[in-house]
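Structure, as structure tokens:
Counting begins at 1 with the first residue of the sequence. Just so it is clear, the model here is predicted, and its values are computed rather than measured.
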Amino acid sequence: MGFFIFPTSAMDGEMKVLITLFIFLTLLAVTPLQSKGANPEELIKFSSAFFTNLAVHEYGHAIVGSSVGGEGISVTFFSKQKNNLFLGYTSTKKLEDKAYPSFALGGEIGANLSFEYALQSYRKNPTTYNKALLFFSGTDFLWYSLYTFYLNNDNPDADPNILVKETGISRDMILSIAMTQSLLNGYRVVSGKDRVVPYFTYNKDSIGFHVKVPF
């Protein structure tokens, strides 16, 4: 499981255009642009935030997988797996079937921790890096699910596809959860308050999505 790039076989022109557009819109959404063009230093901070979230996502799989009994866990980046190229890929040699959904959700649990760290850092010092990390970690589950279901649905190692297969939860339900999480994360950033806090839970037998309302 991990972040998928594209099959090593040739992609059709329409798919290349869609992925290029997706990347461009993401860059546009979080990269501060100046009248004379993007500041290279800002772009470096933006890129650093992306790869920070990628690393936390993959090691989230590893930590959660280990906690539910996974053995032989390995994390690789920019690797070829099953004739596909992955930005990040986490695998396990041994894991009970009932614990597999928790392993699949581990990346989002990691991204959620990354968001909490970025949020506290942003409130103290709203740097470009913190803003970008908020975006990537706060919308990780949403854009990964959208990409998987609409551009990469034939990849069995994509986390959202694993969750559908292993739990029986529909794609629409997963997208609803991902959208809710992203909206609530965005509300916390804009409002500066933590009136509602979305989070995931897991154990060896189950996974859950919750919304906490602190008093």
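No more than 12 heavy-atom neighbours from other residues, nucleotides or ligands sit within 6.0 angstrom of CZ on Arg195.
Listed here is the closest heavy atom pair of Ala62 and Val75: CB-CG2, 3.8 Å. For the pair Val197 and Pro214, the tightest heavy-atom approach, listed with the atom from each and the gap, is CG2-CG, 4.4 Å. The minimum heavy-atom distance linking Ser114 with Asn53 is given by the pair OG-OD1, 3.8 Å. Between Ile162 and Asp157 the shortest heavy-atom distance is CD1-O, 3.7 Å. For the residue pair Gly69 and Leu95, the shortest heavy atom distance occurs at C-CD1, 4.1 Å. Closest non-hydrogen pair, Asn112 versus Pro198, comes out as OD1-O, 3.7 Å.
Atom NZ of Lys93 and atom OG of Ser74 lie 7.5 Å apart (nearest 0.5 Å). Atoms CG and OH, on Asn153 and Tyr147 in that order, are 11.5 Å from each other to the nearest 0.5 Å. Rounding to the nearest 0.5 angstrom, the gap separating the CD1 atom in Ile73 from the OG atom in Ser66 is 5.0 Å. Rounding to the nearest 0.5 angstrom, the gap separating the CG atom in Leu163 from the CZ atom in Arg171 is 13.5 Å. Separation of atoms CG (Leu175) and OG1 (Thr148) is listed at 9.5 Å; rounding is to 0.5 Å. Between the CZ atom of Phe209 and the CG atom of Leu105 there is a distance of 10.5 Å, given to the nearest 0.5 Å.
Classification of the Phe46-Phe136 ring pair by plane angle, with boundaries at 30° and 60°, yields tilted. Relative ring orientation between Tyr144 and His57 is described as perpendicular, the plane-to-plane angle rising above 60° on a 0-90° scale split at 30° and 60°. Ring planes of His61 and Phe103: perpendicular class, angle over 60° (limits at 30 and 60°).
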Determine, step by step, whether Asp140 and Ser137 satisfy the side chain to side chain donor-acceptor pair (under 3.5 Å) criterion, reporting the C-alpha distance in whole Å, the side-chain angles of both residues, the deciding distance to 0.1 Å, and the verdict. CA-CA 5 Å; Asp140 186 277; Ser137 59; over 6 Å; no

With salt bridge (charged side-chain N to carboxylate O under 4.0 Å, His left out) as the test, would you mind laying out the steps for Glu116 and Arg188 before giving the verdict? CA-CA 10 Å; Glu116 294 298 332; Arg188 293 176 67 194; 2.7 Å; yes

Where do Thr139 and Ser182 land on the side chain to side chain donor-acceptor pair (under 3.5 Å) test, with the steps shown first? CA-CA 5 Å; Thr139 62; Ser182 293; 5.5 Å; no

Ile63 vs Ser67, test: side chain to side chain contact (heavy atoms under 4.5 Å, CB included). Steps then yes/no. CA-CA 6 Å; Ile63 293 171; Ser67 72; 5.6 Å; no

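The closest donor-acceptor contact from the side chain of Thr92 to the backbone of Gly72 lies at 3.5 Å or more, if one exists at all. The backbone N or O of Lys98 lies less than 3.5 Å from no partner atom in the side chain of Asp205, so there is not a single donor-acceptor pair.
Side-chain heavy atoms closer than 4.5 Å link hydrophobic residues (I, L, V, M, F, W, Y) into clusters, and following such links, possibly through other members, connects Ile177 to Leu183. Residue Val164 is grouped with residue Tyr100 when hydrophobic side chains (ILVMFWY) are merged at heavy-atom distances under 4.5 angstrom, including chains of intermediate members. In this structure, Ile109 is a member of the same hydrophobic cluster as Leu142, with clusters built from ILVMFWY side-chain heavy atoms closer than 4.5 Å. A chain of hydrophobic side-chain contacts below 4.5 Å, direct or via other Ile, Leu, Val, Met, Phe, Trp or Tyr residues, connects Ile169 to Tyr150. Under a hydrophobic clustering in which Ile, Leu, Val, Met, Phe, Trp and Tyr are joined whenever their side-chain heavy atoms come within less than 4.5 Å, directly or via other members, Val213 and Leu184 fall into the same cluster.
Not a single ring-ring contact (aromatic ring centres under 6.0 Å, His included) links Tyr202 to another residue, sequence neighbours left out. Scanning for ring-ring contact (aromatic ring centres under 6.0 Å, His included) contacts around Tyr199 gives His210, with sequence neighbours left out.
Side-chain contact between Ser121 and Asn125 is absent, with no heavy-atom pair separated by less than 4.5 Å. Contact of the Ser102 side chain with the Lys204 side chain is not registered, since no non-hydrogen atoms from C-beta on lie closer than 4.5 Å. Taking 4.5 Å as the limit, every side-chain heavy atom of Asn161 sits out of range of all side-chain heavy atoms of Pro156. At a threshold of 4.5 Å between non-hydrogen side-chain atoms, the residues Ile174 and Phe149 count as touching. Counting heavy atoms from C-beta outward, Phe77 and Leu87 have side chains that stay 4.5 Å or more apart.
Using a 4.5 Å cut-off between side-chain heavy atoms of Ile, Leu, Val, Met, Phe, Trp and Tyr, Leu134 falls into a hydrophobic cluster with Phe115, Leu119, Tyr122, Val189.
Aromatic ring centroids of Phe200 and Phe141 lie under 6.0 Å apart.
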